[in-house]
Amino acid sequence: MTSEKDYPLLEFIKSPRDLRQIPLAKLPKLAQELREYLIDSVCQTGGHLAAGLGTVELTIALHYIFNTPDDRLVWDIGHQSYPHKILTGRREQMYSLRQKDGLSGFPKRSESEYDTFGVGHSSTSISAALGMAIAASKENKNRKVISVIGDGAMTAGMAFEALNHAGDLDANLLVILNDNNMSISANVGGLSHYLARILSGKLYSTVREGSKKVLGTMPSVWELARRAEEHVKGMVVPGTLFEELGFNYIGPIDGHDLPTLVKTLENIKALTGPQFLHVVTQKGKGFSPAEDNPSAYHGVGKFDPKTGVMSKGTNSQPTYTQVFGRWLCDMAQNDKNLIGITPAMCEGSGMVEFSEKYKDRYYDVGIAEQHAVTLAAGLACEGLKPVVAIYSTFMQRAYDQIVHDVALQNLPVMFAVDRAGLVGPDGPTHAGSFDVSFMRCVPNMVIMAPADENECRQMLYTGHMHSGPSMVRYPRGTGPGANILKPMSTFDIGKAEVRRKGKKTAILAFGSMVTPALTAAEKLDATVINMRFIKPLDENMILAMAQTHELIVTVEENAVMGGAGSAVNEVLAARNISIPVINMGIPDKFIDHGTREELLAACQLDSDGIIAAIENPETLMGCHTSVSNVKS
């Protein structure tokens with residue numbers, strides 16, 4: 001018979017209401033169980049591990065003290081939210097994480113009432129939480145609103161814009177900074193814990209507010225008292241900046257000390273106005289491989305939970321990300337003016353080797369996409385050749401800077417756009433579904449999409465040698481396996497190539513869609529054109545296909561609306577050419593998570609889908625294909 005000591009606590013918890021029934025003394029045992037369960041589930045599905053391991057105790061304390069979901073808990077990005085999912089009724093579903101029809105890897109409002117705000121991009125939590133706090137105030141609801149933001153997300157300007165506004169409004173908002181860089185570890189000890197309890201306590205806040213009223217009638221005395229308080233706190237806490245923004249700063253405290261966390265949050269719950277709690281955690285806590293190398297275990301595939309050894313894929317060919325990383329180093333060796341810039345995506349964008357070999361030419365600007373682009377523009381003004389490595393989904397955040405600071409001035413900045421198209425398990429928050437649509441309308445911009453790894457390398461070289469702004473978009477994962485060791489040479493800008501000659505049907509394929517188009521064309525005896533350039537288009541090739549074929553099919557891994565197919569339609573319409581056209585691409589909806597192959601098939605962007613669209617186009621009306629007779 002299981003003793004009370006050994007009784008599993010996690011199995012008892014179906015919701016945070018059950019969590020609140022557990023005695024405080026047993027919470028550390030629950031934390032151990034939760035951490036073990038997290039490792040066991042993620043090792044089978046892959047996902048974001050290290051950040052969640054670091055927030056186990058914090059998640060328990062938040063749901064223990066606050067009345068979620070009525071009290072609003074907003075996670076930033078969502079990498080740290082897996083423990084939250086487990087405690088909010090989704091424990092048994094964790095083994096479906098990031099799989100088709102399974103749990104999302106990020107908080108998602110349609111998934112649970114405890115996911116109060118859908119996230120995936122960084123630094124949105126404070127703004128969203130402030131909006132919720134304002135709404136609660138207008139409705140006269142005594143609802144608590146908490147934002148949990150990581151130290152990396154605090155590098156984004158949006159976070160400080162929200163802090164500045166919240167402090168000015170005197171909103172009832174708690175912002176928790178999850179600091180896992182250990183940069184102020186010396187301050188995490190008995191003195192800072194004691195100070196945190198004092199600063200969050202009722203006596204201190206009562207005396208502080210009372211002093212404001214009394215000393216407020218004597219400005220010079222009040223200013224002296226305020227400065228004395230700041231100096232005392234400044235000796236042991238790094239919170240002056242947040243105090244100046246209008247927040248009551250508390251911390252730093254050990255984010256793995258449950259009694260201190262619970263007591264501090266309990267005190268803060270009784271306070272009004274903007275509160276800022278600084279919590280220090282260890283990324284990868286409780287799993288030694290992740291503690292030793294948190295970056296490697298930030299996002300993981302399947303791994304052995306005992307050893308931490310990650311499963312290796314069977315495909316040994318380089319990914320497009322690795323192709324870019326290799327090109328960047330090769331190009332930097334040949335061109336001393338090349339500068340590499342990334343908004344906090346060194347590993348994800350394949351820049352690790354470059355950052356080590358060319359430290360003086362590498363800039364990681366943090367989660368600050370807008371700054372990354374305008375920094376590149378400034379460098380280009382002075383004759384340097386910046387390369388901005390950025391995910392398609394994150395480039396959306398810097399659109400104004402691309403238009404105003406780069407394209408308008410026709411500056412030679414090249415954007416290496418990774419994760420263009422469907423990304424698989426990360427789902428719609430990270431899918432690069434729109435970059436063609438929002439970039440092709442920008443004057444001066446050259447847009448390229450490689451059909452294989454060698455073309456990716458040559459296009460990067462073409463963009464780098466171009467005298468104006470350019471963009472190379474490439475998908476997540478590997479390509480068809482082309483030789484990337486060929487000498488670098490530039491493509492003729494705006495020129496397509498014929499990959500296969502056939503009859504009746506001409507398939508104009510863009511980037512990653514060339515390979516499935518070629519497979520489909522073998523059955524259909526269709527012509528396949530590797531368009532290479534989305535802007536400028538090879539108009540002569542389009543017109544030639546219209547004159548010699550009965551049907552044109554455009555295929556792209558981008559939204560159909562406003563995409564490359566739309567650009568082809570515009571060319572034909574401008575010349576009053578009437579020919580049936582089918583535009584294939586990502587449908588006008590957000591595509592959920594799954595494997596990349598599953599998602600491409602669901603959007604009919606594989607060879608079978610292309611064949612079906614051409615053979616039975618009427619069955620696809622109203623979906624993601626556009627069937628029309630193009631004419632002016």
Side-chain angles (χ1 to χ4, degrees), residues 42 46-52 76-80 98 105-106 119-123 150-153 155-156 180-181 283-284 290 293-301 303 310 312-313 315 318-329 340-358 362-373 376 386-398 414-433 435 453 456 460 471-479 512 593 595-596:
V42 175
H48 294 100
L49 180 65
D76 207 281
I77 306 177
H79 295 156
Q80 59 213 6
R98 292 161 44 94
F106 301 94
V119 295
H121 290 191
S122 168
S123 314
D151 51 1
T155 62
N180 53 34
N181 270 344
K283 205 170 182 180
N293 193 351
S295 294
Y297 286 85
H298 169 70
V300 297
F303 63 93
M310 298 185 200
K312 293 184 178 179
N315 199 334
T319 64
Y320 278 103
T321 302
Q322 291 168 332
V323 170
F324 165 71
R326 187 174 301 179
W327 171 84
L328 190 65
C329 288
I341 301 170
T342 179
M345 295 302 296
C346 180
E347 293 85 0
S349 293
M351 298 183 75
V352 173
E353 184 180 355
F354 176 82
S355 69
E356 294 170 348
K357 284 185 175 180
Y358 301 98
Y362 166 74
Y363 295 93
D364 183 343
V365 302
I367 303 174
E369 294 88 355
Q370 295 172 311
H371 168 58
V373 172
V387 176
V388 180
I390 191 167
Y391 286 12
S392 171
T393 187
F394 299 145
M395 189 166 68
Q396 297 164 184
R397 313 185 91 183
M414 187 178 75
F415 298 93
V417 182
D418 204 334
R419 271 66 164 181
L422 299 170
V423 294
D426 280 338
T429 59
H430 284 61
S433 303
D435 58 81
E453 298 89 338
C456 184
L460 289 165
M471 160 183 158
V472 181
R473 73 181 308 259
Y474 44 91
R476 181 177 187 171
T478 58
S512 60
H593 53 278
T595 66
R596 183 168 147 74

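Since we're looking at a predicted model, the values are computed, not measured. Heads up: numbering here begins at 1 and tracks the sequence.
The shortest side-chain heavy-atom distance between Val388 and Glu369 does not fall under the 4.5 Å cut-off. Between Tyr474 and Val323, every side-chain heavy-atom pair lies at or beyond the 4.5 Å cut-off. By the 4.5 Å heavy-atom criterion applied to side chains, Tyr320 and Pro475 are counted as neighbours. With a 4.5 Å cut-off on side-chain heavy atoms, Val373 and Phe415 count as touching. The side-chain heavy atoms of Val472 and Trp327, taken from C-beta on, include no pair separated by under 4.5 Å.
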Test log, rule side chain to side chain contact (heavy atoms under 4.5 Å, CB included), inputs Thr321 and Arg419 | CA-CA 9 Å; Thr321 302; Arg419 271 66 164 181; 3.2 Å; yes

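By the salt bridge (Lys or Arg N to Asp or Glu O under 4.0 Å) test, Asp364 is found to be paired with no residue, residues two or more places apart in sequence or in another chain being considered. Under the ring-ring contact (aromatic ring centres under 6.0 Å, His included) criterion, Tyr362 pairs with no residue, sequence neighbours left out. By the side chain to side chain donor-acceptor pair (under 3.5 Å) test, Glu453 is found to be paired with Gln317, residues two or more places apart in sequence or in another chain being considered. Partners of Tyr363 by ring-ring contact (aromatic ring centres under 6.0 Å, His included), not counting sequence neighbours: none found. In this structure His48 satisfies the ring-ring contact (aromatic ring centres under 6.0 Å, His included) test together with His79, Phe106, His298, sequence neighbours excluded.
No donor-acceptor distance shorter than 3.5 angstrom exists from the side chain of His430 to the backbone of Thr393, with no hydrogens or angles considered. At distances below 3.5 Å, at least one donor-acceptor pair connects side-chain atoms of Thr155 with backbone N or O atoms of Ile367. Looking at Arg397, its side chain does come within 3.5 Å of a backbone N or O of Ser122 through a donor-acceptor pair. In terms of modelled atom types and a separation under 3.5 Å, the side chain of Glu356 and the main chain of Glu353 share no donor-acceptor contact. Counting only distance, with no hydrogens or angles, the side chain of Asp76 and the backbone of Ser123 share a donor-acceptor pair below 3.5 Å.
Here the closest non-hydrogen pair linking His593 and Pro425 is CB-O, 3.3 Å. Closest approach of Phe354 to Leu328, counting heavy atoms only: CG-CD2, 3.5 Å. Between Val300 and Ala296, the shortest heavy-atom distance links the atoms CG1-O, 3.7 Å. Across all non-hydrogen atoms, the minimal contact from Leu422 to Arg596 is O-NH1, 2.8 Å. Cys329 approaches Tyr358 most closely through the heavy-atom pair O-OH, 3.6 Å. Considering all non-hydrogen atoms of both residues, Gly427 and Val423 come closest at O-CG2, 3.6 Å.
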Mind listing the side-chain donor-acceptor pairs of residues 341-351 below 3.5 Å, one per line with the distance, residues two or more places apart or on another chain?
| from | atom 1 | to | atom 2 | distance (Å) |
| --- | --- | --- | --- | --- |
| Thr342 | OG1 | Met345 | N | 3.1 |
| Ser349 | OG | Met345 | O | 3.2 |

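One finds the OG atom of Ser433 at 8.5 Å from the CD atom of Gln396 (value rounded to the nearest 0.5 Å). Interatomic distance, CG of Leu49 versus NZ of Lys283, reported as 10.0 Å (0.5 Å rounding). The structure places CZ of Phe394 at 10.5 Å from CG of Asp418, a figure rounded to the nearest 0.5 Å.
The existence of a salt bridge linking Asp426 and Arg98 is confirmed by a sub-4.0 Å separation between a basic side-chain nitrogen and an acidic carboxylate oxygen.
No more than 12 heavy atoms of other residues, nucleotides or ligands lie within 6.0 Å of CZ in Arg326, so this atom counts as exposed by the packing criterion.
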